[in-house]
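Hydrogens, waters and symmetry mates play no part in the numbers below; they use all other heavy atoms, side chains included. Order of the sequence lines sets the chain letters (A, B, ...), proteins ahead of strands, with each chain counted from 1.
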There are 2 protein chains.
Amino acid sequence: MPEINIRALAKELNLSIGTVSKALKDSYEISAETKRRVLEVAKKLHYAPNPYASSLRRKKSNTIAVVVPEVADSYFSQAIKGIEEIAQLKGYHVLVYLTYESYAREKQILDEFTNGRVDGLLISVSSETCSTGHIEALNSNKVPVVFFDRAIDETDAAKITTNDYDSGYEATRHLIERGCRKIAYLSISNLLVINTKRMMGFRNAMTDSKLHVDDNNIVNCSNDDNENNRILTEVLKQKNRADGIISSVEKLITPVYTICKQLKLQIPADLKVLCFSNLSTAHILNPSLTTITQPAFDMGKMAATVLFKAVEKRNYNWQDENLVIPSKLYIRDSTGG
Amino acid sequence: MPEINIRALAKELNLSIGTVSKALKDSYEISAETKRRVLEVAKKLHYAPNPYASSLRRKKSNTIAVVVPEVADSYFSQAIKGIEEIAQLKGYHVLVYLTYESYAREKQILDEFTNGRVDGLLISVSSETCSTGHIEALNSNKVPVVFFDRAIDETDAAKITTNDYDSGYEATRHLIERGCRKIAYLSISNLLVINTKRMMGFRNAMTDSKLHVDDNNIVNCSNDDNENNRILTEVLKQKNRADGIISSVEKLITPVYTICKQLKLQIPADLKVLCFSNLSTAHILNPSLTTITQPAFDMGKMAATVLFKAVEKRNYNWQDENLVIPSKLYIRDSTGG
DNA sequence: CTGAAAGCGCTAACAG
DNA sequence: CTGTTAGCGCTTTCAG
């Protein structure tokens, strides 16, 4: 803690606390000369205002929370980067919380935000989250909530998402055009809207091409790496094995590649692989990986922009904001280049 | 903001504010029955204490800052994950700030921490940082600082690092054993201690093997991707080209692989490649990448642990804490497997 | 065991 | 243009 507060500063200047406070925020009420003196002495004494005293009085924290399932993930880390950039620009502070895909943790974290700690919340929900009372509690407490990437459709809050349905459809079309007939679809949670949309895109693309979706090829993985290995090995060992794979989750790509190597399956000859992913190394993988890449950085920036507008502008119906920033298909060798 | 504060809660309970406050923190002064009633009603009314009022009064924020150059990076994102895990366990909040390798930003961010916003700081300095007044200012303001990964040797603060010198030496030894004679060393900043240590390990290993280090093979890259491409292309096009590369920076691996492909250089036949990296995709690259992998997650956890101890224990000389958690060499195909 | 009251550092309304 | 003052919501003596 600094030794010096506004009172000490005022005393040093022979001014009242009120005058100093106004001078520091460049109020029109204060003369230029006084402002200059105040700033000068403040600097000399290394005066720094106590943010929490200010927050308490103004009922505004200049802080936002970012709640994500995971940070060691190329999508979320890029999104956070976008958020942080805008926050720094606007003079806001960013609290980061991880849910590890747990609804219980998510709820526990959000319940702490009803008390003024943050002016707003950016969230990508956990894969377990279906009930949304914890989120609505914030909205009704005048803490704006903006979903990014993983939203909940029914909840009345701003949503910055990508075109998951279309991407699922496009990914599937691409594999079909490359000759796949039996395509497996990998996900980690049936609850996530992004997953259901991608999967619906997948199913519809299959149906539109008169192709059958085998239930064995809708593969639900978990958060446990060992179990995922087991599940994926089984899928790839089936006698009637798929000739194409769409992974809706980035972290499944490593096991898929690894298991293919073990089973001596050639990508793309035996199996074409496409992944929803933001990996910067996609094009130097062996073989280079065809991806649907989300605009992570832009989504983060956009989500933050909407949130700050919601925090700062009254009469702005941020809840109605529903932006869809398209993802992009990058065709590489894993689907035949 | 919630409608309900401790005063309203006290009124509802027909108790004084003081009693309620003590009951809420389970003070021994309060009877079991009263505590029960307070908790019950608090829950019913969704009472949540205002953290900033509490911080103001207690002069403690239960918040720490994490300042890193970048977050879309597998080392830093894993370290942050480790930090966040410990923080959640201890009931602390984590503010994240990015410096984008800029000293000016780093200073600006840290200058805001002299005022009670955070109880402590975890920092990995920018590649431009050599002066350390901004860091010492915090230490002397009783805000403990713990360096992780990128420390500054001369500064009196706790340091959680990895064995950079040894790793540089070991990496070089490995390439030499695999037959390399002309090894190039890539970095992004001469100022970073981690870099100078790795490089010294490299140089000493070369000298110890009676090998010459060509100045053209000490390659200083930047933060600009285009420029890096230019620089690296030039290096790999030299007539007297290196037969081994050590990249001390993860993000240079993509351009190295890409340029090798363009120049039709075979890894590992023409050129052996080793990278300091935490990439989860290292072993599915083409070819799989030999890495020196830092214990990012553990370093984050350790740094946070030391910081919280420094924050909570008086008479703990955290400044003397100087932990070195070793990195590990993973030998893969890019150096001949 | 419970209550009263001072005050953390700052802001903003109001008075001069 | 500058000063005075009443809190923001909570914690913590100290008194009973």
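Distance OG1/B:T34 to CG/B:L13: 9.0 Å, rounded to 0.5 Å.
What separates CG of A:N14 from P of D:dT4 is a distance of 12 Å, to the nearest Å. Rounded to an integer number of Å, the gap from CZ of A:R117 to P of D:dG9 is 16 Å. We find that CD1 of A:I6 is positioned 8 Å from C1' of C:dT11, with the value rounded to whole Å. Atom CZ in A:R57 sits roughly 12 Å away from atom P in D:dA6 (whole-Å rounding). Between the NZ atom of B:K25 and the C1' atom of D:dG9 there is a distance of 11 Å, rounded to whole Å. Regarding B:I30, its CD1 atom lies at a distance of 13 Å from the C1' atom of D:dT11, rounded to whole Å. In this structure, A:L24 atom CG and C:dA12 atom P are separated by 13 Å, rounded to whole Å. Atom CG of B:L9 is separated from atom P of D:dT11 by 12 Å (rounded to the nearest Å).
The aromatic rings of A:Y92 and A:F308 are tilted relative to each other, their planes meeting at an angle between 30° and 60°.
Without hydrogens or angle criteria, B:N50 side chain to B:Y52 main chain gives a donor-acceptor distance under 3.5 Å. Judged purely by atom type and a 3.5 angstrom limit, A:N115 uses its side chain to pair as donor or acceptor with the backbone of B:P49.
Salt bridge annotation for B:R105-B:E128: absent, with no cationic side-chain nitrogen under 4.0 angstrom from a carboxylate oxygen. Salt bridge present: B:R36 and B:E33 bring a charged side-chain N and a carboxylate O closer than 4.0 Å.
Comparing the end axes of the helix from C:dC1-D:dG16 to C:dG16-D:dC1, each fitted to five base pairs by superposing C1' atoms of four pairs onto the next four, gives an inter-axis angle of 40° (nearest 10 degrees).
Among the heavy atoms of the strands lying under 4.0 Å from B:S54 are primed sugar atoms or P, OP1, OP2 only; no base atom is included. Using a 4.0 Å heavy-atom criterion, one finds that B:T19 contacts the bases of the nucleic acid, with or without backbone contacts as well. As judged by a 4.0 angstrom heavy-atom cut-off over every strand, A:I17 is placed among the base-contacting residues.
Residues B:E154 and B:T132 form no side-chain contact, since every pair of their non-hydrogen atoms from C-beta on lies 4.5 Å or further apart. Side-chain contact between B:L98 and B:V68 is present, with at least one heavy-atom pair separated by less than 4.5 Å.
Between B:N5 and D:dG9 there is a side-chain N or O to OP1 or OP2 distance below 4.0 Å. Using a 4.0 Å cut-off, no side-chain N or O of A:S55 falls inside it from OP1 or OP2 of D:dC8. For B:K22 and C:dG3, the shortest distance from a side-chain N or O to OP1 or OP2 is not below 4.0 Å. Contact check, B:Y47 against D:dC10: a side-chain N or O comes under 4.0 Å of OP1 or OP2. Of the side-chain N and O atoms in A:T34, none sit less than 4.0 angstrom from OP1 or OP2 of D:dC1. Within the 4.0 Å cut-off from OP1 or OP2 of D:dT11, not a single side-chain nitrogen or oxygen of B:Y52 is found. Remark: A:S21 is in phosphate contact with C:dT11, judged by side-chain N or O atoms under 4.0 Å from OP1 or OP2.
Distances were taken from every side-chain heavy atom of A:R7 (C-beta onward) to each of D:dC8, C:dT2, C:dG9; the shortest belongs to C:dG9. The B:K59 side chain lies nearest to C:dC8 when the options are C:dC8, D:dT11, D:dT2. Checking D:dT4, D:dG9, D:dC1 against every side-chain atom of B:L56, the shortest atom distance belongs to D:dG9.
Map B:E29 and A:A53 each onto its nearest nucleotide of DNA chain D; the residue landing nearer the 5' end is A:A53.
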